[in-house]
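Nothing here was measured: the structure is a model prediction, and the numbers come from that model. In what follows, every heavy atom counts, from backbone to side chain, and hydrogens, waters and symmetry copies are set aside. Letters A, B, ... are given to chains in the order of the sequence lines, protein chains preceding strands, and every chain is numbered from 1.
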4 protein chains.
Amino acid sequence: MNRNDHKLEHSFSVDVRVRYAECDSMGYLHHGKYWEYFEIVRTDLLRRQGIRYRDLEASGVFFVVYKAACRYLLPIQYDDLVTVTARVVRITRTRVDHEYEITRGDTRTCEATSTLACVGPDGHPIAMPPALWSPPKD
Amino acid sequence: MNRNDHKLEHSFSVDVRVRYAECDSMGYLHHGKYWEYFEIVRTDLLRRQGIRYRDLEASGVFFVVYKAACRYLLPIQYDDLVTVTARVVRITRTRVDHEYEITRGDTRTCEATSTLACVGPDGHPIAMPPALWSPPKD
Amino acid sequence: MNRNDHKLEHSFSVDVRVRYAECDSMGYLHHGKYWEYFEIVRTDLLRRQGIRYRDLEASGVFFVVYKAACRYLLPIQYDDLVTVTARVVRITRTRVDHEYEITRGDTRTCEATSTLACVGPDGHPIAMPPALWSPPKD
Amino acid sequence: MNRNDHKLEHSFSVDVRVRYAECDSMGYLHHGKYWEYFEIVRTDLLRRQGIRYRDLEASGVFFVVYKAACRYLLPIQYDDLVTVTARVVRITRTRVDHEYEITRGDTRTCEATSTLACVGPDGHPIAMPPALWSPPKD
(Lines give C-alpha, C1' and ligand atoms only; values in the text may rest on other atoms or scores of the structure.)
Protein backbone atom coordinates (compact mmCIF):
# COMPACT_ATOMS: atom_id res chain seq x y z
CA MET A 1 0.00 0.00 0.00
CA ASN A 2 1.20 3.44 -0.94
CA ARG A 3 2.25 5.90 1.78
CA ASN A 4 -0.41 8.24 0.43
CA ASP A 5 -3.44 6.10 1.11
CA HIS A 6 -4.96 3.87 3.76
CA LYS A 7 -7.85 1.44 3.75
CA LEU A 8 -10.78 2.34 5.98
CA GLU A 9 -13.96 0.54 6.86
CA HIS A 10 -15.72 3.62 8.08
CA SER A 11 -19.44 3.31 7.33
CA PHE A 12 -22.72 5.08 8.03
CA SER A 13 -26.39 4.35 7.37
CA VAL A 14 -29.43 6.57 6.95
CA ASP A 15 -33.11 5.60 6.64
CA VAL A 16 -34.84 7.29 3.73
CA ARG A 17 -38.54 7.26 2.86
CA VAL A 18 -39.01 7.22 -0.93
CA ARG A 19 -40.87 10.33 -2.14
CA TYR A 20 -43.68 10.33 -4.69
CA ALA A 21 -41.90 12.82 -6.94
CA GLU A 22 -38.81 10.59 -7.04
CA CYS A 23 -40.66 7.69 -8.68
CA ASP A 24 -41.38 7.20 -12.35
CA SER A 25 -44.46 5.88 -14.16
CA MET A 26 -43.70 2.33 -13.04
CA GLY A 27 -43.89 3.56 -9.44
CA TYR A 28 -40.18 2.78 -9.03
CA LEU A 29 -37.50 5.07 -7.62
CA HIS A 30 -35.85 6.50 -10.74
CA HIS A 31 -32.35 5.10 -11.26
CA GLY A 32 -30.80 8.57 -11.38
CA LYS A 33 -32.24 9.48 -7.97
CA TYR A 34 -30.17 6.83 -6.17
CA TRP A 35 -27.22 9.20 -6.44
CA GLU A 36 -29.06 11.78 -4.33
CA TYR A 37 -29.54 9.15 -1.66
CA PHE A 38 -25.83 8.26 -1.64
CA GLU A 39 -25.01 11.98 -1.43
CA ILE A 40 -27.22 12.34 1.66
CA VAL A 41 -25.38 9.55 3.43
CA ARG A 42 -21.94 10.90 2.48
CA THR A 43 -22.94 14.27 3.94
CA ASP A 44 -24.16 12.66 7.16
CA LEU A 45 -21.02 10.55 7.38
CA LEU A 46 -18.99 13.76 7.32
CA ARG A 47 -21.32 15.44 9.80
CA ARG A 48 -20.76 12.56 12.21
CA GLN A 49 -17.03 13.33 12.01
CA GLY A 50 -17.83 16.93 12.95
CA ILE A 51 -17.47 18.30 9.43
CA ARG A 52 -20.21 20.14 7.58
CA TYR A 53 -19.86 19.87 3.80
CA ARG A 54 -21.45 23.30 3.48
CA ASP A 55 -18.60 24.80 5.51
CA LEU A 56 -16.05 22.99 3.34
CA GLU A 57 -17.54 24.61 0.23
CA ALA A 58 -17.60 28.01 1.95
CA SER A 59 -13.86 27.56 2.57
CA GLY A 60 -13.21 26.69 -1.09
CA VAL A 61 -13.06 22.89 -0.81
CA PHE A 62 -15.37 20.93 -3.12
CA PHE A 63 -15.87 17.26 -3.90
CA VAL A 64 -16.88 16.26 -7.40
CA VAL A 65 -17.90 12.80 -8.52
CA TYR A 66 -15.39 11.45 -10.99
CA LYS A 67 -16.59 7.86 -11.35
CA ALA A 68 -19.82 6.12 -10.36
CA ALA A 69 -21.31 2.68 -10.90
CA CYS A 70 -24.48 1.03 -9.67
CA ARG A 71 -26.21 -2.37 -9.86
CA TYR A 72 -29.97 -2.18 -9.40
CA LEU A 73 -30.80 -5.62 -8.01
CA LEU A 74 -34.46 -5.09 -7.14
CA PRO A 75 -36.79 -2.15 -7.72
CA ILE A 76 -37.46 0.30 -4.88
CA GLN A 77 -41.00 1.64 -4.73
CA TYR A 78 -42.77 4.80 -3.68
CA ASP A 79 -43.20 5.03 0.11
CA ASP A 80 -40.66 2.25 0.79
CA LEU A 81 -38.51 2.91 3.84
CA VAL A 82 -34.99 1.94 2.83
CA THR A 83 -31.63 1.94 4.59
CA VAL A 84 -28.83 3.56 2.63
CA THR A 85 -25.28 2.73 3.72
CA ALA A 86 -22.06 4.40 2.60
CA ARG A 87 -18.59 3.14 3.46
CA VAL A 88 -15.27 4.87 2.78
CA VAL A 89 -13.11 2.16 1.24
CA ARG A 90 -10.06 4.18 0.21
CA ILE A 91 -8.89 7.71 0.79
CA THR A 92 -5.89 9.63 -0.50
CA ARG A 93 -5.08 13.32 -0.21
CA THR A 94 -6.98 14.08 -3.42
CA ARG A 95 -9.69 11.43 -3.79
CA VAL A 96 -12.00 9.19 -1.84
CA ASP A 97 -13.70 5.94 -2.86
CA HIS A 98 -17.05 4.90 -1.40
CA GLU A 99 -19.11 1.74 -1.53
CA TYR A 100 -22.88 1.90 -1.05
CA GLU A 101 -25.75 -0.43 -0.56
CA ILE A 102 -29.48 0.01 -0.12
CA THR A 103 -31.53 -2.50 1.82
CA ARG A 104 -35.26 -2.84 2.45
CA GLY A 105 -35.70 -4.95 5.53
CA ASP A 106 -33.31 -7.87 5.04
CA THR A 107 -33.22 -7.54 1.27
CA ARG A 108 -30.36 -5.85 -0.54
CA THR A 109 -31.83 -3.92 -3.46
CA CYS A 110 -28.78 -2.11 -4.78
CA GLU A 111 -24.97 -1.87 -4.59
CA ALA A 112 -22.81 0.93 -5.89
CA THR A 113 -19.38 2.56 -5.88
CA SER A 114 -18.03 6.04 -6.52
CA THR A 115 -14.79 7.98 -6.68
CA LEU A 116 -14.80 11.62 -5.64
CA ALA A 117 -12.05 14.12 -6.32
CA CYS A 118 -11.24 17.08 -4.10
CA VAL A 119 -11.13 20.32 -6.12
CA GLY A 120 -10.89 24.05 -5.58
CA PRO A 121 -13.41 26.67 -6.68
CA ASP A 122 -11.88 26.61 -10.19
CA GLY A 123 -12.42 22.83 -10.49
CA HIS A 124 -8.73 21.94 -10.28
CA PRO A 125 -7.57 19.16 -7.92
CA ILE A 126 -6.36 20.23 -4.50
CA ALA A 127 -5.25 18.35 -1.39
CA MET A 128 -7.97 17.70 1.19
CA PRO A 129 -7.82 19.56 4.50
CA PRO A 130 -6.05 17.45 7.17
CA ALA A 131 -9.32 16.98 9.12
CA LEU A 132 -10.63 14.94 6.19
CA TRP A 133 -7.46 13.21 5.28
CA SER A 134 -6.58 11.95 8.76
CA PRO A 135 -8.35 8.67 9.57
CA PRO A 136 -11.74 8.97 11.32
CA LYS A 137 -11.66 8.34 15.05
CA ASP A 138 -14.11 5.56 15.75
CA MET B 1 -48.85 54.35 -14.48
CA ASN B 2 -45.75 55.05 -12.45
CA ARG B 3 -42.60 56.35 -14.18
CA ASN B 4 -40.83 53.32 -12.77
CA ASP B 5 -42.79 50.66 -14.60
CA HIS B 6 -44.32 49.92 -17.99
CA LYS B 7 -46.69 47.27 -19.27
CA LEU B 8 -45.23 44.89 -21.82
CA GLU B 9 -46.73 42.13 -23.88
CA HIS B 10 -43.43 40.56 -24.69
CA SER B 11 -43.86 36.80 -25.03
CA PHE B 12 -41.92 33.72 -26.07
CA SER B 13 -42.74 30.03 -26.57
CA VAL B 14 -40.64 26.87 -26.41
CA ASP B 15 -41.61 23.30 -27.31
CA VAL B 16 -40.70 20.80 -24.60
CA ARG B 17 -40.90 17.01 -24.75
CA VAL B 18 -41.90 15.60 -21.34
CA ARG B 19 -39.19 13.34 -19.91
CA TYR B 20 -39.81 9.98 -18.26
CA ALA B 21 -38.00 11.00 -15.08
CA GLU B 22 -40.23 14.08 -14.74
CA CYS B 23 -43.41 12.03 -14.42
CA ASP B 24 -44.82 10.44 -11.31
CA SER B 25 -46.51 7.08 -10.72
CA MET B 26 -49.67 8.27 -12.49
CA GLY B 27 -47.54 8.93 -15.58
CA TYR B 28 -48.26 12.66 -15.21
CA LEU B 29 -45.73 15.48 -15.26
CA HIS B 30 -45.17 16.21 -11.56
CA HIS B 31 -46.70 19.53 -10.53
CA GLY B 32 -43.40 20.82 -9.13
CA LYS B 33 -41.64 20.25 -12.46
CA TYR B 34 -43.75 22.85 -14.27
CA TRP B 35 -41.58 25.51 -12.68
CA GLU B 36 -38.53 24.12 -14.46
CA TYR B 37 -40.38 24.48 -17.74
CA PHE B 38 -41.27 28.10 -17.03
CA GLU B 39 -37.64 28.76 -16.08
CA ILE B 40 -36.46 27.37 -19.44
CA VAL B 41 -38.73 29.76 -21.32
CA ARG B 42 -37.74 32.76 -19.21
CA THR B 43 -34.09 32.00 -19.98
CA ASP B 44 -34.79 31.71 -23.70
CA LEU B 45 -36.84 34.89 -23.64
CA LEU B 46 -33.77 36.69 -22.24
CA ARG B 47 -31.48 34.97 -24.73
CA ARG B 48 -33.66 36.26 -27.57
CA GLN B 49 -33.01 39.79 -26.21
CA GLY B 50 -29.29 39.07 -26.41
CA ILE B 51 -28.87 38.46 -22.68
CA ARG B 52 -27.53 35.25 -21.20
CA TYR B 53 -28.75 34.64 -17.65
CA ARG B 54 -25.50 32.84 -16.89
CA ASP B 55 -23.58 36.03 -17.68
CA LEU B 56 -25.93 38.04 -15.46
CA GLU B 57 -25.13 35.75 -12.54
CA ALA B 58 -21.41 35.95 -13.29
CA SER B 59 -21.75 39.74 -13.02
CA GLY B 60 -23.54 39.50 -9.67
CA VAL B 61 -27.15 39.91 -10.84
CA PHE B 62 -29.60 37.18 -9.78
CA PHE B 63 -33.34 36.70 -10.12
CA VAL B 64 -35.18 34.88 -7.36
CA VAL B 65 -38.79 33.79 -7.44
CA TYR B 66 -40.77 35.66 -4.82
CA LYS B 67 -44.32 34.59 -5.70
CA ALA B 68 -45.69 31.81 -7.89
CA ALA B 69 -49.14 30.41 -8.64
CA CYS B 70 -50.37 27.75 -11.01
CA ARG B 71 -53.67 26.20 -12.15
CA TYR B 72 -53.31 22.68 -13.49
CA LEU B 73 -56.27 22.41 -15.87
CA LEU B 74 -55.47 19.06 -17.49
CA PRO B 75 -52.73 16.51 -16.82
CA ILE B 76 -49.64 16.46 -19.01
CA GLN B 77 -48.25 13.00 -19.72
CA TYR B 78 -44.91 11.40 -20.36
CA ASP B 79 -43.70 11.93 -23.95
CA ASP B 80 -46.25 14.70 -24.62
CA LEU B 81 -44.86 17.50 -26.75
CA VAL B 82 -46.10 20.71 -25.15
CA THR B 83 -45.70 24.39 -25.94
CA VAL B 84 -44.68 26.53 -22.98
CA THR B 85 -45.27 30.27 -23.30
CA ALA B 86 -43.98 33.02 -21.01
CA ARG B 87 -45.03 36.64 -21.22
CA VAL B 88 -43.59 39.59 -19.32
CA VAL B 89 -46.64 41.44 -18.01
CA ARG B 90 -45.00 44.01 -15.77
CA ILE B 91 -41.45 45.10 -15.10
CA THR B 92 -39.99 47.58 -12.66
CA ARG B 93 -36.35 48.24 -11.79
CA THR B 94 -36.40 45.57 -9.09
CA ARG B 95 -39.02 43.00 -10.10
CA VAL B 96 -40.66 41.36 -13.08
CA ASP B 97 -44.04 39.63 -13.38
CA HIS B 98 -44.61 36.81 -15.85
CA GLU B 99 -47.67 34.96 -17.08
CA TYR B 100 -47.33 31.43 -18.44
CA GLU B 101 -49.41 28.89 -20.22
CA ILE B 102 -48.81 25.38 -21.46
CA THR B 103 -50.70 24.02 -24.45
CA ARG B 104 -50.81 20.59 -26.07
CA GLY B 105 -52.05 21.06 -29.59
CA ASP B 106 -55.02 23.41 -29.26
CA THR B 107 -55.69 22.51 -25.64
CA ARG B 108 -54.56 24.73 -22.79
CA THR B 109 -53.42 22.47 -19.95
CA CYS B 110 -52.07 25.01 -17.48
CA GLU B 111 -51.86 28.71 -16.62
CA ALA B 112 -49.50 30.32 -14.15
CA THR B 113 -47.98 33.55 -12.86
CA SER B 114 -44.81 34.52 -11.04
CA THR B 115 -43.03 37.52 -9.56
CA LEU B 116 -39.24 37.56 -9.62
CA ALA B 117 -37.06 39.94 -7.65
CA CYS B 118 -33.63 41.12 -8.78
CA VAL B 119 -31.04 40.54 -6.04
CA GLY B 120 -27.29 40.73 -5.54
CA PRO B 121 -24.99 37.87 -4.50
CA ASP B 122 -26.00 38.48 -0.85
CA GLY B 123 -29.71 38.08 -1.67
CA HIS B 124 -30.58 41.74 -1.13
CA PRO B 125 -32.68 43.61 -3.74
CA ILE B 126 -30.77 45.57 -6.37
CA ALA B 127 -31.80 47.53 -9.46
CA MET B 128 -31.72 45.59 -12.72
CA PRO B 129 -29.06 46.49 -15.29
CA PRO B 130 -30.44 48.97 -17.88
CA ALA B 131 -30.33 46.33 -20.64
CA LEU B 132 -33.04 44.42 -18.78
CA TRP B 133 -34.99 47.36 -17.60
CA SER B 134 -35.29 49.13 -20.95
CA PRO B 135 -38.22 47.83 -23.01
CA PRO B 136 -37.45 44.97 -25.42
CA LYS B 137 -37.14 45.98 -29.06
CA ASP B 138 -39.71 44.01 -31.00
CA MET C 1 -71.43 26.37 5.19
CA ASN C 2 -72.58 23.66 2.83
CA ARG C 3 -73.56 20.25 4.18
CA ASN C 4 -70.83 18.83 1.95
CA ASP C 5 -67.87 20.48 3.59
CA HIS C 6 -66.45 21.25 7.01
CA LYS C 7 -63.58 23.39 8.22
CA LEU C 8 -60.69 21.55 9.83
CA GLU C 9 -57.58 22.70 11.58
CA HIS C 10 -55.82 19.41 11.25
CA SER C 11 -52.08 20.02 10.86
CA PHE C 12 -48.82 18.11 10.77
CA SER C 13 -45.12 19.02 10.64
CA VAL C 14 -42.04 17.23 9.35
CA ASP C 15 -38.38 18.21 9.66
CA VAL C 16 -36.54 18.06 6.36
CA ARG C 17 -32.81 18.45 5.73
CA VAL C 18 -32.21 20.26 2.41
CA ARG C 19 -30.27 18.06 -0.03
CA TYR C 20 -27.38 19.23 -2.19
CA ALA C 21 -29.06 18.08 -5.39
CA GLU C 22 -32.16 20.14 -4.56
CA CYS C 23 -30.28 23.44 -4.58
CA ASP C 24 -29.45 25.58 -7.57
CA SER C 25 -26.33 27.58 -8.47
CA MET C 26 -27.15 30.20 -5.84
CA GLY C 27 -27.06 27.43 -3.22
CA TYR C 28 -30.79 27.96 -2.63
CA LEU C 29 -33.49 25.30 -2.54
CA HIS C 30 -35.02 25.50 -6.03
CA HIS C 31 -38.52 27.00 -5.95
CA GLY C 32 -40.04 24.00 -7.73
CA LYS C 33 -38.71 21.61 -5.09
CA TYR C 34 -40.86 23.13 -2.35
CA TRP C 35 -43.79 21.17 -3.80
CA GLU C 36 -42.00 17.90 -3.07
CA TYR C 37 -41.63 18.99 0.54
CA PHE C 38 -45.34 19.78 0.84
CA GLU C 39 -46.14 16.41 -0.73
CA ILE C 40 -44.03 14.62 1.90
CA VAL C 41 -45.97 16.27 4.70
CA ARG C 42 -49.36 15.56 3.12
CA THR C 43 -48.38 11.89 2.87
CA ASP C 44 -47.30 11.79 6.52
CA LEU C 45 -50.45 13.60 7.59
CA LEU C 46 -52.47 10.79 5.96
CA ARG C 47 -50.20 8.14 7.46
CA ARG C 48 -50.88 9.56 10.89
CA GLN C 49 -54.60 9.00 10.24
CA GLY C 50 -53.77 5.38 9.42
CA ILE C 51 -54.01 5.80 5.66
CA ARG C 52 -51.20 5.02 3.24
CA TYR C 53 -51.40 7.02 0.03
CA ARG C 54 -49.77 4.12 -1.81
CA ASP C 55 -52.69 1.89 -0.80
CA LEU C 56 -55.17 4.52 -1.97
CA GLU C 57 -53.57 4.52 -5.41
CA ALA C 58 -53.55 0.71 -5.49
CA SER C 59 -57.32 0.86 -4.85
CA GLY C 60 -57.83 3.36 -7.71
CA VAL C 61 -58.02 6.59 -5.69
CA PHE C 62 -55.64 9.37 -6.72
CA PHE C 63 -55.14 12.97 -5.68
CA VAL C 64 -54.02 15.48 -8.27
CA VAL C 65 -52.98 19.06 -7.62
CA TYR C 66 -55.43 21.43 -9.26
CA LYS C 67 -54.24 24.76 -7.86
CA ALA C 68 -51.06 25.80 -6.08
CA ALA C 69 -49.57 29.09 -4.89
CA CYS C 70 -46.47 29.95 -2.91
CA ARG C 71 -44.76 33.01 -1.44
CA TYR C 72 -41.02 32.61 -1.00
CA LEU C 73 -40.27 34.99 1.87
CA LEU C 74 -36.63 34.07 2.51
CA PRO C 75 -34.26 31.72 0.72
CA ILE C 76 -33.67 28.23 2.11
CA GLN C 77 -30.13 26.96 1.74
CA TYR C 78 -28.37 23.65 1.26
CA ASP C 79 -28.07 21.67 4.51
CA ASP C 80 -30.66 23.83 6.32
CA LEU C 81 -32.90 21.85 8.63
CA VAL C 82 -36.40 23.20 8.06
CA THR C 83 -39.81 22.41 9.51
CA VAL C 84 -42.54 21.93 6.92
CA THR C 85 -46.13 22.19 8.15
CA ALA C 86 -49.28 21.24 6.27
CA ARG C 87 -52.79 21.99 7.48
CA VAL C 88 -56.07 20.80 5.98
CA VAL C 89 -58.20 23.94 5.82
CA ARG C 90 -61.20 22.64 3.87
CA ILE C 91 -62.35 19.26 2.68
CA THR C 92 -65.30 18.20 0.55
CA ARG C 93 -66.08 14.81 -0.96
CA THR C 94 -64.08 15.62 -4.07
CA ARG C 95 -61.38 18.11 -3.08
CA VAL C 96 -59.15 19.18 -0.24
CA ASP C 97 -57.45 22.51 0.45
CA HIS C 98 -54.15 22.72 2.33
CA GLU C 99 -52.12 25.55 3.77
CA TYR C 100 -48.38 25.17 4.24
CA GLU C 101 -45.52 26.96 5.87
CA ILE C 102 -41.81 26.35 6.15
CA THR C 103 -39.85 27.63 9.12
CA ARG C 104 -36.14 27.61 9.96
CA GLY C 105 -35.83 28.03 13.69
CA ASP C 106 -38.23 30.85 14.54
CA THR C 107 -38.20 32.33 11.05
CA ARG C 108 -40.98 31.69 8.57
CA THR C 109 -39.38 31.35 5.12
CA CYS C 110 -42.38 30.39 3.01
CA GLU C 111 -46.19 30.14 2.94
CA ALA C 112 -48.27 28.27 0.40
CA THR C 113 -51.69 26.86 -0.46
CA SER C 114 -52.98 24.10 -2.70
CA THR C 115 -56.22 22.49 -3.86
CA LEU C 116 -56.20 18.79 -4.64
CA ALA C 117 -58.91 16.91 -6.50
CA CYS C 118 -59.76 13.27 -5.94
CA VAL C 119 -59.78 11.36 -9.25
CA GLY C 120 -60.02 7.81 -10.52
CA PRO C 121 -57.42 5.97 -12.64
CA ASP C 122 -58.84 7.70 -15.75
CA GLY C 123 -58.33 11.16 -14.24
CA HIS C 124 -62.04 11.89 -13.76
CA PRO C 125 -63.30 13.26 -10.42
CA ILE C 126 -64.62 10.72 -7.93
CA ALA C 127 -65.86 10.93 -4.35
CA MET C 128 -63.23 10.27 -1.68
CA PRO C 129 -63.48 7.07 0.37
CA PRO C 130 -65.36 7.71 3.66
CA ALA C 131 -62.17 7.18 5.70
CA LEU C 132 -60.78 10.34 4.13
CA TRP C 133 -63.93 12.30 4.01
CA SER C 134 -64.96 11.78 7.64
CA PRO C 135 -63.27 14.27 9.97
CA PRO C 136 -59.92 13.17 11.47
CA LYS C 137 -60.12 11.93 15.03
CA ASP C 138 -57.76 14.06 17.06
CA MET D 1 -21.32 -15.27 -30.77
CA ASN D 2 -24.48 -16.78 -29.41
CA ARG D 3 -27.52 -17.20 -31.66
CA ASN D 4 -29.41 -15.04 -29.17
CA ASP D 5 -27.43 -11.83 -29.57
CA HIS D 6 -25.87 -9.65 -32.24
CA LYS D 7 -23.52 -6.68 -32.09
CA LEU D 8 -24.92 -3.38 -33.33
CA GLU D 9 -23.41 0.01 -33.87
CA HIS D 10 -26.71 1.81 -33.96
CA SER D 11 -26.29 5.30 -32.49
CA PHE D 12 -28.21 8.53 -32.04
CA SER D 13 -27.43 12.03 -30.73
CA VAL D 14 -29.53 14.75 -29.19
CA ASP D 15 -28.57 18.32 -28.29
CA VAL D 16 -29.59 19.28 -24.77
CA ARG D 17 -29.42 22.71 -23.12
CA VAL D 18 -28.54 22.36 -19.42
CA ARG D 19 -31.32 23.72 -17.20
CA TYR D 20 -30.80 25.90 -14.15
CA ALA D 21 -32.71 23.53 -11.87
CA GLU D 22 -30.46 20.64 -12.94
CA CYS D 23 -27.31 22.27 -11.59
CA ASP D 24 -26.01 22.20 -8.05
CA SER D 25 -24.38 24.89 -5.90
CA MET D 26 -21.15 24.65 -7.91
CA GLY D 27 -23.16 25.54 -11.02
CA TYR D 28 -22.43 22.05 -12.41
CA LEU D 29 -24.93 19.60 -13.86
CA HIS D 30 -25.61 17.22 -10.95
CA HIS D 31 -24.07 13.78 -11.53
CA GLY D 32 -27.41 12.03 -11.02
CA LYS D 33 -29.06 14.11 -13.75
CA TYR D 34 -26.86 12.64 -16.48
CA TRP D 35 -29.06 9.55 -16.38
CA GLU D 36 -32.08 11.63 -17.42
CA TYR D 37 -30.11 12.84 -20.43
CA PHE D 38 -29.20 9.29 -21.46
CA GLU D 39 -32.86 8.30 -21.05
CA ILE D 40 -33.94 11.08 -23.41
CA VAL D 41 -31.59 9.84 -26.10
CA ARG D 42 -32.63 6.20 -25.68
CA THR D 43 -36.26 7.27 -26.12
CA ASP D 44 -35.43 9.25 -29.26
CA LEU D 45 -33.36 6.38 -30.62
CA LEU D 46 -36.45 4.17 -30.31
CA ARG D 47 -38.68 6.87 -31.81
CA ARG D 48 -36.41 7.02 -34.84
CA GLN D 49 -37.05 3.29 -35.31
CA GLY D 50 -40.78 4.05 -35.26
CA ILE D 51 -41.33 2.86 -31.70
CA ARG D 52 -42.75 5.00 -28.94
CA TYR D 53 -41.65 3.88 -25.48
CA ARG D 54 -44.95 5.15 -24.09
CA ASP D 55 -46.81 2.70 -26.34
CA LEU D 56 -44.52 -0.12 -25.22
CA GLU D 57 -45.43 0.56 -21.59
CA ALA D 58 -49.13 0.75 -22.50
CA SER D 59 -48.76 -2.72 -24.02
CA GLY D 60 -47.08 -4.09 -20.88
CA VAL D 61 -43.43 -3.92 -21.98
CA PHE D 62 -41.05 -2.03 -19.69
CA PHE D 63 -37.31 -1.48 -19.62
CA VAL D 64 -35.57 -1.18 -16.26
CA VAL D 65 -31.96 -0.20 -15.71
CA TYR D 66 -30.05 -3.09 -14.20
CA LYS D 67 -26.49 -1.77 -14.37
CA ALA D 68 -25.07 1.70 -14.96
CA ALA D 69 -21.61 3.27 -14.85
CA CYS D 70 -20.33 6.73 -15.67
CA ARG D 71 -17.02 8.59 -15.83
CA TYR D 72 -17.35 12.34 -15.39
CA LEU D 73 -14.32 13.67 -17.26
CA LEU D 74 -15.09 17.39 -17.16
CA PRO D 75 -17.86 19.36 -15.46
CA ILE D 76 -20.89 20.45 -17.49
CA GLN D 77 -22.28 23.86 -16.56
CA TYR D 78 -25.62 25.60 -16.49
CA ASP D 79 -26.70 26.80 -19.95
CA ASP D 80 -24.11 24.64 -21.76
CA LEU D 81 -25.39 23.17 -24.99
CA VAL D 82 -24.16 19.58 -25.03
CA THR D 83 -24.51 16.68 -27.45
CA VAL D 84 -25.61 13.43 -25.85
CA THR D 85 -24.98 10.26 -27.87
CA ALA D 86 -26.33 6.77 -27.16
CA ARG D 87 -25.24 3.66 -29.02
CA VAL D 88 -26.73 0.17 -28.74
CA VAL D 89 -23.69 -2.09 -28.35
CA ARG D 90 -25.38 -5.42 -27.63
CA ILE D 91 -28.93 -6.67 -27.67
CA THR D 92 -30.48 -9.99 -26.71
CA ARG D 93 -34.13 -10.95 -26.37
CA THR D 94 -34.19 -9.85 -22.73
CA ARG D 95 -31.57 -7.13 -22.34
CA VAL D 96 -29.84 -4.29 -24.15
CA ASP D 97 -26.47 -2.65 -23.52
CA HIS D 98 -25.84 1.00 -24.37
CA GLU D 99 -22.76 3.19 -24.46
CA TYR D 100 -23.09 6.94 -24.04
CA GLU D 101 -20.96 10.01 -24.37
CA ILE D 102 -21.55 13.70 -23.85
CA THR D 103 -19.58 16.28 -25.77
CA ARG D 104 -19.44 20.07 -25.62
CA GLY D 105 -18.08 21.30 -28.92
CA ASP D 106 -15.09 19.04 -29.61
CA THR D 107 -14.57 18.13 -25.96
CA ARG D 108 -15.78 14.84 -24.52
CA THR D 109 -17.01 15.53 -21.00
CA CYS D 110 -18.44 12.16 -20.04
CA GLU D 111 -18.65 8.47 -21.01
CA ALA D 112 -21.07 5.91 -19.66
CA THR D 113 -22.59 2.47 -20.08
CA SER D 114 -25.82 0.80 -19.02
CA THR D 115 -27.62 -2.55 -19.19
CA LEU D 116 -31.41 -2.53 -19.38
CA ALA D 117 -33.64 -5.54 -18.83
CA CYS D 118 -37.02 -6.03 -20.49
CA VAL D 119 -39.71 -6.76 -17.90
CA GLY D 120 -43.47 -7.13 -17.68
CA PRO D 121 -45.83 -5.07 -15.50
CA ASP D 122 -44.95 -7.33 -12.53
CA GLY D 123 -41.23 -6.63 -12.93
CA HIS D 124 -40.34 -10.12 -14.13
CA PRO D 125 -38.11 -10.56 -17.22
CA ILE D 126 -39.92 -11.08 -20.53
CA ALA D 127 -38.76 -11.38 -24.14
CA MET D 128 -38.75 -8.13 -26.12
CA PRO D 129 -41.31 -7.70 -28.89
CA PRO D 130 -39.81 -8.71 -32.28
CA ALA D 131 -39.85 -5.08 -33.50
CA LEU D 132 -37.22 -4.29 -30.89
CA TRP D 133 -35.29 -7.47 -31.10
CA SER D 134 -34.86 -7.52 -34.87
CA PRO D 135 -31.91 -5.41 -36.03
CA PRO D 136 -32.67 -1.76 -36.88
CA LYS D 137 -33.02 -1.03 -40.59
CA ASP D 138 -30.54 1.71 -41.42
Side-chain angles (χ1 to χ4, degrees), chain B residues 21-40 42-43 52-77 80 95 98 100 107 109-125, chain C residues 21-40 42-43 52-77 84 95 98 100 107 109-125:
Chain B
E22 292 170 345
C23 293
D24 56 28
S25 311
M26 290 194 78
Y28 293 169
L29 179 63
H30 190 264
H31 59 284
K33 285 285 176 184
Y34 285 63
W35 297 104
E36 287 194 28
Y37 284 26
F38 300 144
E39 196 166 52
I40 292 168
R42 283 200 308 269
T43 306
R52 211 161 63 134
Y53 182 64
R54 175 168 153 176
D55 295 338
L56 281 182
E57 286 209 346
S59 73
V61 177
F62 299 81
F63 282 88
V64 291
V65 177
Y66 171 62
K67 242 182 2 184
C70 190
R71 290 172 85 90
Y72 304 87
L73 307 174
L74 285 171
I76 296 174
Q77 285 180 282
D80 279 354
R95 56 172 259 188
H98 289 87
Y100 311 94
T107 310
T109 64
C110 164
E111 53 197 29
T113 57
S114 72
T115 297
L116 277 70
C118 187
V119 300
D122 60 357
H124 287 110
Chain C
E22 293 170 344
C23 293
D24 56 28
S25 311
M26 289 194 79
Y28 292 170
L29 179 62
H30 190 265
H31 59 285
K33 285 285 177 184
Y34 285 61
W35 296 105
E36 287 193 28
Y37 284 26
F38 300 144
E39 196 166 52
I40 292 168
R42 283 200 308 269
T43 305
R52 212 162 61 134
Y53 182 65
R54 175 169 155 177
D55 296 337
L56 282 181
E57 286 208 346
S59 71
V61 177
F62 299 80
F63 281 89
V64 292
V65 177
Y66 170 62
K67 243 182 2 183
C70 190
R71 290 173 84 91
Y72 304 88
L73 307 173
L74 286 171
I76 296 174
Q77 284 179 284
V84 187
R95 54 174 260 188
H98 289 87
Y100 311 94
T107 310
T109 64
C110 164
E111 54 197 27
T113 57
S114 71
T115 297
L116 277 71
C118 187
V119 301
D122 60 357
H124 288 111

Let me see the working for C:R71 and B:Y66 under side chain to side chain contact (heavy atoms under 4.5 Å, CB included), right down to the final yes or no.
CA-CA 6 Å; C:R71 290 173 84 91; B:Y66 171 62; 3.1 Å; yes
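Side-chain atoms of B:Y28 and C:V64, non-hydrogen and from C-beta on, do get closer than 4.5 Å to each other.
Chosen from C:A112, C:A69, C:A68, the residue pairing most often with chain B at heavy-atom distances under 4.5 Å is C:A68. Contact tally against chain C (heavy-atom pairs below 4.5 Å) for B:S25, B:G32, B:C70: the top residue is B:C70.
Note: B:Y72 OH to C:L116 CG = 10.5 Å, rounded to the nearest 0.5 Å. Taken from NE2 in C:H31 to CH2 in B:W35, the straight-line distance is 6.5 Å, to the nearest 0.5 Å.
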